[in-house]
Amino acid sequence: MAATNASKEQKYDRQLRLWGDHGQEALENAHVCLINATATGTEILKNLVLPGIGAFTIVDGHTVSGEDVGNNFFLSNNNIGKNRAQAATELLQELNSDVSGNYVEESPDKLLDNDPEFFHRFTVVIGVHLPESTCLRLGSVLWSASVPFLVCKTYGLIGYMRLVVQEHTVIESHPDNALEDLRLDQPFAEFKNHIQSYDLDSMAKKDHSHTPWVIVVAKYLAKWLSEHNSQPPKNYKEKEAFRQFIREGILKNENGVPEDEENFEEAIKNVNTALNPTKVPNSVEDLFNSEQCNNITSQSLSFWVMLRAVKDFVHKEGNGSLPVRGTIPDMIADSQKFINLQNVYREKAMQDAAAVSKHVECLLQSVGKPPESISEKDIKLFCKNASFLRVVRCRSLAEEYSVDSVNKDEITSCMDNPDSEMVFYLMLRAVDRFYQQHSRYPGVYNYQVEDDISKLKLCVNSLLQEYSLNVNIKDDYIHEFCRYGAAEPHTVAAFLGGSAAQEAIKIISHQFVPFSNTFIYNAMSQTSATLQL
Amino acid sequence: MVQLVGSLRKELADSLSTCKVLVVGAGGIGCELLKNLVLTGFKNIEVIDLDTIDVSNLNRQFLFQKKHVGKSKAQVAKESALQFCPTANITAYHDSIMNPDYNVEFFRKFVLVMNALDNRAARNHVNRMCLAADIPLIESGTAGYLGQVTVIKKGMTECYECQPKPTQKTFPGCTIRNTPSEPIHCIVWAKYLFNQLFGEEDADQEVSPDTADPEAAWKPEETAARATASEKDGDIKRVSTKDWARSTGYDPVKLFNKLFKDDIMYLLTMDKLWKKRKAPTPLDWHQLENTCPQEDSPVSGLKDQQVLGVWGHCQLFQQSVETLSSQLQEKGEGAELVWDKDDPPAMDFVTAASNLRMHIFSMNMKSRFDVKSMAGNIIPAIATTNAVIAGLIVLEGLKILSGELESCRTIFLNKCPNLRKKLLVPCILDPPSANCYVCTSKPEVTVKLNVHKTMVLSLQDRILKERFGMVAPDVQIEDGKGTILISSEEGETEANNSKFLSDFGIRNGSRLQVDDFLQDYTLLVNVLHTEELERDVEFEVVGEAPDKAPPPQTNQEEVNSITNGNKDSAQPSTSSKGHFGKVVKKCHAFCCKHLFPQSPSSSKC
């Protein structure tokens with residue numbers, strides 16, 4: 001077992017650096033369902049098999065055609081006539097022996113007829129090139145089973161993705177520019193004591209210039225507060241004055257020239273971020289106020305139980321603040337001073353997490369669940385990321401498609417901009433309508449192109465009429481979509497395969513924030529947009 | 001290819017099957033690219049890569065499997081692609097693109113060149129070859145979730161070298177040898193140490209205390225006295241670390257005490273260094289052995305991510321020295337080991353040695369995982385980003401082939417949709433920069449250096465090859481006589497190597513004409529003599545202060561951050577030699593971020 005771990009560590013080294021071993025573990029426990037092994041479908045799956053998902057199942061009732069072989073890397077000439085799910089599974093499986101590949105030689109519609117619960121078992125279902133009716137049916141089955149559903153389509157030079165998930169919680173959102181959690185504006189007791197253990201005035205020079213900047217700022221802030229009615233520096237002018245105040249504290253040599261004290265320079269540089277008031281971010285405050293947080297039941301996800309526990313903590317032990325994160329940035333200091341400071345934060349973080357843990361225990365008890373159903377490790381991770389928690393909620397396909405709840409505002413306001421990708425969304429909807437009426441896509445046969453242009457135009461108009469959308473779609477787009485003839489160029493499929501797999505990984509690992517809820521890619525201009533539909 | 005004709009014009013689809021394209025690199029992007037090209041209908045493809053396949057490639061380079069580890073990337077990529085698409089005509093080269101065989105004539109065979117590289121040296125070179133051959137080039141790069149694609153065409157767009165990239169930070173020798181202040185200094189030292197002990201010895205990679213450190217300001221007589229004092233061990237002659245190590249039979253304890261006790265005590269005698277700095281604390285093996293508590297072996301989580309204690313690192317040092325020295329022995333007389341971040345004992349050795357040195361110099365120790373990131377300059381890499389980028393490359397390629405160069409874009413891929421909800425940000429291609437020292441009609445630069453202290457060899461290696469990316473420069477002094485200072489022909493000017501520039505009459509205002517025939521590139525170098533360069537700085541390019549941020553972009557639609565490549569400038573690629581350096585090109589507030597994990601230098605964004 002140890003040997004396998006070591007070889008996995010080696011094989012997955014470059015990605016462990018992005019999502020860590022727990023992210024990898026989530027991937028390895030995931031079972032992904034792909035419906036339709038088209039070029040787009042197999043590209044997505046390839047990008048999930050390579051990083052090592054646990055298992056996949058391909059559902060596909062089609063047989064392999066010559067066209068499939070032309071644009072699909074995972075199908076070859078000798079597969080023609082065979083079931084597409086089976087053929088693709090064989091080749092995809094070769095990419096990674098750690099992954100278990102399965103297939104079902106049936107159309108999704110048949111499965112929905114006979115065994116809709118079949119789809120409940122998956123971590124995520126990816127539906128590629130589904131006709132509208134199938135998409136809506138499957139969408140409602142997955143919606144009520146709370147299984148995330150990623151709808152993908154490559155249509156000519158247009159890529160489309162739609163994420164359908166009621167609620168997706170993210171503990172580790174990996175924000176780009178996260179502020180440190182240093183509590184300089186409201187130091188906790190242990191931190192206060194630690195600050196007091198330093199006396200900058202009576203220190204040897206070497207110690208003075210190796211005192212962490214956090215301590216330097218804390219010291220001067222305390223002095224400042226006592227001289228300014230307990231008001232911290234607020235505006236630019238006051239902060240500048242505060243910087244000068246710190247600068248004056250730099251030791252001087254026998255000639256009165258200031259010494260080089262990098263730690264003080266660091267303190268001055270960090271004044272702005274250091275003075276940032278500690279408070280619960282609005283996004284987290286909103287989550288505190290949500291129904292799921294306030295109404296914990298035995299069905300509640302552990303995310304909500306932990307969130308509620310953190311909320312209770314904020315109102316009690318935390319005195320209005322989230323649990324201390326417990327990490328500090330690298331800074332100029334000697335090892336011992338740095339480690340001592342780090343320990344102050346780390347121990348406080350552990351205390352806070354322990355307090356949160358108590359709340360978790362109470363909550364679990366109140367709904368009749370055993371306390372060990374949420375691990376200490378998870379609680380610690382949750383507390384550490386408390387400022388960055390995110391919940392993504394998408395609308396259901398039914399809401400998007402219903403005349404009563406269609407997001408008309410988004411559509412019309414986007415369509416005011418002549419370059420908006422929204423037009424492609426409307427065109428794709430019109431094409432679906434075409435398919436429903438004619439059981440084929442427009443322009444697939446050269447001799448019908450002219451005919452299809454007018455038919456597609458009718459579909460566009462009836463779509464706009466049905467939703468009473470007062471927007472204008474140029475004929476150029478109708479011509480262009482007929483020209484595509486439902487083609488799936490490999491390189492566009494490859495692009496979408498990368499993008500969709502990326503979103504699937506975010507969903508599976510519950511790390512990073514997935515897009516919401518519709519993504520359109522235009523390969524002609526290399527532009528993309530996310531739309532709220 | 002029935003489907004494609006639908007969305008690609010017929011003429012275009014036809015031309016794909018006859019034209020010839022070159023893919024430089026068969027790694028993460030290269031594998032995806034090869035597949036996309038074949039399935040888009042390209043028939044004649046040549047692919048070149050000097051690398052062999054490593055286990056850590058398998059999470060994304062899907063044309064390779066476990067059984068291919070150690071084989072040529074280009075060759076296996078070709079074979080795997082042919083299995084799926086037997087009709088394609090693929091030629092594979094297991095070679096460096098910088099090899100003179102691939103001259104301008106070679107490049108002229110192609111209608112399009114696509115880079116899928118991981119290092120700046122090769123990118124610079126291909127850029128020049130494509131300019132010389134006047135062939136359009138698609139440049140690309142990824143780093144974690146971020147990526148970029150751009151198009152380069154002589155006379156129409158910026159070339160790869162139009163925007164000055166922050167020069168790769170090299171660390172002053174005395175910082176590495178005497179006064180490390182950041183973990184990376186210790187890691188560089190440990191990698192040098194590896195080469196000194198087990199690999200190819202390099203005079204630029206000394207690890208012992210540097211007595212010539214100007215800051216130490218030693219008087220020569222004192223130096224001698226101290227030197228003898230510190231060599232009480234008798235046979236420590238500082239001629240060759242390797243010879244000495246061999247003479248001890250690679251005894252880990254002796255090595256340890258020499259490196260982490262004696263050398264440090266020697267450094268302590270250079271007292272000027274420690275006036276302002278915290279002085280290092282020597283470690284003694286036997287003392288540690290007796291005092292350090294037995295550390296528990298880590299129980300949970302990945303082993304790599306734990307930070308060992310001092311004694312833990314001592315043991316790791318001992319084990320890795322034993323393993324490496326027996327590997328060396330097995331290889332026989334005169335053999336050398338090559339450092340590779342993916343080779344466990346080599347990585348263990350650098351982890352242990354760098355951490356012990358960090359501890360000695362009062363820095364916080366790092367986990368093996370983190371040391372590996374820094375030592376190998378590892379850029380996280382995943383299948384998804386490469387897939388997206390390779391998809392974009394082919395689409396840009398199709399535009400070029402249909403004669404629509406003006407509609408090509410530089411495209412940036414963000415980690416998640418930006419504030420304007422864009423995942424992709426296309427930017428109009430900039431015209432060539434008037435000041436570029438590569439693609440203007442008469443390139444010229446001014447270099448500030450000390451003509452009395454700069455040797456001809458360092459002009460060649462440090463300035464012309466490393467800094468200006470040439471492969472085989474010829475240098476002629478414009479002194480009216482046409483004195484040849486450096487010739488790329490072997491055996492002609494080697495005698496000049498260790499002479500100073502001033503020995504050839506080069507002084508302030510001298511002009512040197514430098515030619516690289518392979519790259520079909522001529523550069524005029526103006527010499528600006530100065531006595532005032534900072535400690536350990538050999539030269540400066542005028543107008544490009546070492547860490548000068550690139551000029552702000554004005555004509556872009558929005559964003560501009562970038563990636564591009566990761567590894568190093570000095571070496572043409574390879575995952576086995578992690579070098580240092582990072583490339584952060586244009587930055588912009590919109591998605592301004594470090595594209596590279598904390599590697600050696602901290603770049604300004």
Side-chain angles (χ1 to χ4, degrees), chain A residues 7 9-18 21 39 43 46-47 50-52 66-67 70-71 73 76 94-95 156-157 176 206 209-210 259-260 334-335 338-339 443 483-492 494-495 497-499 501-502 505 512-513 515 519 521 523 525-530, chain B residues 1-4 6-8 32 35-36 39-40 55-56 58-60 62 65-66 83-84 144-145 276 278 301-302 304-305 342 359 362-364 369 372-373 378-392 394-396 398 407 409 411 415-417 421-424 426 593 597:
Chain A
S7 81
E9 217 169 320
Q10 232 186 334
K11 180 160 96 180
Y12 297 133
D13 180 90
R14 302 300 187 268
Q15 68 201 39
L16 290 174
R17 286 163 203 279
L18 288 170
D21 50 339
E43 288 297 310
K46 152 181 147 288
N47 295 329
L50 287 168
E67 289 182 12
N71 73 346
F73 193 77
S76 58
E94 274 186 25
L95 292 175
L157 297 175
D176 273 334
K206 225 169 256 173
S209 59
H210 286 90
E259 299 272 2
D260 238 356
D334 60 58
S335 284
F338 181 83
I339 291 170
R483 194 173 72 81
Y484 290 158
E488 193 185 358
H490 181 81
T491 192
V492 182
F495 172 91
S499 310
Q502 190 55 65
I505 291 172
F512 300 94
V513 186
F515 76 101
F519 172 85
Y521 165 60
S525 59
Q526 305 280 43
T527 52
S528 72
T530 38
Chain B
M1 230 51 52
V2 191
Q3 291 216 338
L4 261 182
S7 37
L8 297 183
E32 298 280 342
K35 163 186 67 79
N36 291 357
L39 288 168
T40 301
V55 186
S56 65
L58 303 180
N59 78 331
R60 61 194 186 283
F62 70 99
Q65 295 172 20
K66 219 165 221 162
Q83 260 182 17
F84 293 95
Y145 296 111
K276 281 189 193 161
K278 193 170 159 77
L302 288 180
D304 264 18
Q305 299 186 17
D342 291 311
H359 183 75
S362 300
M363 290 171 228
N364 302 302
F369 191 77
K372 185 171 175 181
S373 277
I378 292 182
I379 311 297
I382 37 171
T384 51
T385 313
N386 290 330
V388 168
I389 290 300
L392 295 175
V394 174
L395 287 158
E396 291 303 303
L398 293 174
S407 64
R409 295 286 180 272
I411 306 141
K415 185 163 77 182
C416 50
K421 300 186 177 179
K422 307 288 185 192
L423 187 68
L424 294 174
K593 52 190 84 132

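Letters go in sequence order (proteins before strands), and every chain restarts at 1.
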Pick from A:F515, A:Y521, A:Y12 with the largest number of heavy-atom pairs that fall under 4.5 Å of chain B: A:Y521

Looking at A:G498, is its backbone amide N or carbonyl O close enough to the side chain of A:E43 to form a donor-acceptor pair, meaning the two atoms are under 3.5 Å apart? no

Using non-hydrogen atoms only, which part of B:A390 is less than 4.5 Å away from chain A: side chain, backbone, both, or neither? backbone

Any donor-acceptor N/O pair, A:T491 side chain to B:G391 backbone, under 3.5 Å: yes

Quick one: what part of B:E32 sits under 4.5 Å from any heavy atom of chain A, side chain, backbone, both or neither? side chain

Output the distance between atom CZ (B:F369) and atom CG (A:D21), rounded to the nearest 0.5 Å. 8.5 Å

Polar side-chain atom of B:R60 near backbone of B:A387 as donor-acceptor pair, under 3.5 Å: no

Non-hydrogen atoms of chain A under 4.5 Å away: do they reach the side chain of B:L58, the backbone, both or neither? both

Portion of A:K11 that has a non-hydrogen atom of chain B nearer than 4.5 angstrom: both

Is it true that a side-chain atom of A:H490 and a backbone atom of A:N71 form a donor plus acceptor pair closer than 3.5 Å? yes

Selection from B:L423, B:T385, B:N386, B:N364 maximising heavy-atom pairs under 4.5 Å formed with chain A: B:N364

Give a yes or no on whether the backbone of B:S56 and the side-chain of A:D13 come within a donor-acceptor separation of less than 3.5 Å. no

Side chain, backbone, both or neither: which part of B:S407 has a heavy atom under 4.5 Å from chain A? neither

Tell me, for A:F338 versus chain B, whether the close heavy atoms (under 4.5 Å) come from the side chain, the backbone, both or neither. side chain

Would you kindly say whether A:Q15 and B:N59 are connected by a side-chain donor-acceptor distance under 3.5 Å? yes

Whatever's closer than 4.5 Å to a heavy atom in chain B on A:E94 counts as both

